Amino acid sequence: MKKLIIIGVGLVIIILVAALSWQHFRHPSDDKLGKQVTGTWIREGPGTLTITPDGSFSSVFAMPDHTNIFTGTWQIADGFFLMTLTNASVPQSRNLQTRNLIGRVERYKIVHVDEHQFTYMAGGRTNILTR
């Protein structure tokens with residue numbers, strides 16, 4: 001009986017170690033993701049997103065008649081890319097709407113990051129940035 005209990009406990013430990021290892025290798029660590037996302041990314045359309053190693057970001061949308069610039073802080077937590085808007089430079093007509101966004105934290109699920117592509121989910125939509 002003792003032998004069966006020891007074998008059973010041993011199997012449970014092996015299964016747990018294998019499951020934890022699989023999860024670790026399946027999803028990159030937040031630290032690794034943080035290093036991968038730094039740099040300048042190009043958005044579909046007229047925009048760029050620059051993510052710096054110091055935890056700040058700037059996003060520029062150049063339209064034919066105006067340019068919007070957003071800045072703030074970022075971090076990676078549990079596989080999510082979190083952005084907190086701290087400042088916005090937008091045309092006066094859009095300034096009131098933007099003021100409501102200052103301090104807001106946007107949370108995006110990271111789908112994939114490599115040297116050339118950053119894919120994330122926002123509002124049920126897949127977004128792809130390239131460099």
Side-chain angles (χ1 to χ4, degrees):
M1 184 68 165
K2 280 185 179 181
K3 206 176 206 181
L4 286 176
I5 292 173
I6 292 171
I7 291 172
V9 169
L11 284 174
V12 168
I13 291 171
I14 289 170
I15 291 169
L16 285 174
V17 168
L20 291 173
S21 296
W22 177 74
Q23 283 288 51
H24 175 74
F25 291 110
R26 185 172 158 242
H27 297 291
S29 70
D30 289 345
D31 186 48
K32 182 177 180 181
L33 288 171
K35 289 175 183 162
Q36 289 177 303
V37 300
T38 58
T40 299
W41 298 94
I42 300 168
R43 298 178 185 266
E44 262 185 48
T48 62
L49 172 64
T50 301
I51 303 167
T52 61
D54 70 358
S56 64
F57 76 88
S58 64
S59 184
V60 178
F61 294 93
M63 308 295 183
D65 61 338
H66 67 279
T67 299
N68 296 335
I69 302 171
F70 301 96
T71 59
T73 61
W74 69 272
Q75 67 181 36
I76 305 283
D78 299 323
F80 283 84
F81 183 65
L82 307 170
M83 298 173 72
T84 303
L85 185 66
T86 59
N87 195 18
S89 174
V90 298
Q92 195 65 8
S93 61
R94 292 176 176 82
N95 198 25
L96 194 56
Q97 294 171 332
T98 305
R99 262 191 259 147
N100 295 333
L101 300 176
I102 303 295
R104 184 173 169 181
V105 178
E106 295 292 329
R107 187 173 191 235
Y108 306 118
K109 176 66 179 159
I110 297 173
V111 176
H112 172 79
V113 182
D114 64 28
E115 207 171 297
H116 304 287
Q117 191 175 64
F118 178 12
T119 306
Y120 63 92
M121 296 292 293
R125 182 173 172 230
T126 301
N127 298 276
I128 299 172
L129 306 176
T130 57
R131 55 174 158 199

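The chain is numbered in sequence order, starting from 1. No experiment lies behind these values; they were computed from the predicted model shown.
- Considering only heavy atoms from C-beta on, Ile51 comes within 4.5 Å of Phe118 through its side chain.
- Proximity of Arg104 to Leu85: side-chain heavy atoms (C-beta onward) are nowhere separated by under 4.5 Å.
- Residues Asp54 and Ser56 approach most closely at OD1-OG, 2.7 Å, considering heavy atoms.
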Run the side chain to side chain contact (heavy atoms under 4.5 Å, CB included) test on Trp41 and Thr48 for me, step by step, so that the C-alpha distance in whole Å, both residues' side-chain angles and the decisive distance to 0.1 Å come before the verdict. CA-CA 6 Å; Trp41 298 94; Thr48 62; over 6 Å; no
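- Nearest heavy-atom pair, Met63 versus Pro46, reported as atom, atom and distance to 0.1 Å: SD-CG, 3.9 Å.
- The line from CD of Gln75 to CZ of Arg107 is 10.5 Å long, rounded to the nearest 0.5 Å.
- Leu33 is not connected to Leu82 by any chain of hydrophobic side-chain contacts under 4.5 Å among Ile, Leu, Val, Met, Phe, Trp and Tyr, and they are in different clusters.
- Put simply, CZ on Phe70 and CE on Met83 are 10.0 Å apart, with the number rounded to the nearest 0.5 Å.
- Arg43 and Ser59 are linked by a side-chain donor-acceptor pair at a separation below 3.5 angstrom, with hydrogens and angles left out of the test.
- Between Tyr120 and Phe80, the ring center distance fails the sub-6.0 Å criterion.
- Scanning both residues, Thr67 and Ala62, for their nearest heavy atoms gives OG1-CA, 3.9 Å.
- One N or O on the side chain of Thr86 and one on the backbone of Thr71 form a donor-acceptor pair closer than 3.5 Å.
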Show your reasoning for whether side-chain hydrogen bond (donor to acceptor under 3.5 Å, both in side chains) applies to Ser29 and Asp31. CA-CA 5 Å; Ser29 70; Asp31 186 48; 5.2 Å; no
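- Using a distance-only test at 3.5 Å, with no hydrogens or angles considered, a donor-acceptor pair links the side chain of Trp74 to the main chain of Thr52.
- A distance-only check finds a donor-acceptor pair linking the side chain of Asn127 to the backbone of Arg125 [under 3.5 Å].
- Side-chain contact between Thr119 and Thr126 is present, with at least one heavy-atom pair separated by less than 4.5 Å.
- Distance CD1/Ile128 to NE2/His112: 9.5 Å, rounded to 0.5 Å.
- Taken to the nearest 0.5 Å, the OG1 atom of Thr40 stands 8.0 Å off from the CG atom of Leu49.
- Two residues are said to be in side-chain contact when any heavy atoms from C-beta on lie closer than 4.5 Å; Phe57 and Thr50 fail this criterion.
- Looking at Asn68, its side chain never comes within 3.5 Å of a backbone N or O of Val60 through a donor-acceptor pair.
- The backbone N or O of Gln117 lies less than 3.5 Å from no partner atom in the side chain of Arg131, so there is not a single donor-acceptor pair.
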Ile42/Leu129 under side chain to side chain contact (heavy atoms under 4.5 Å, CB included): CA gap, chis, key distance, verdict: CA-CA 5 Å; Ile42 300 168; Leu129 306 176; over 6 Å; no
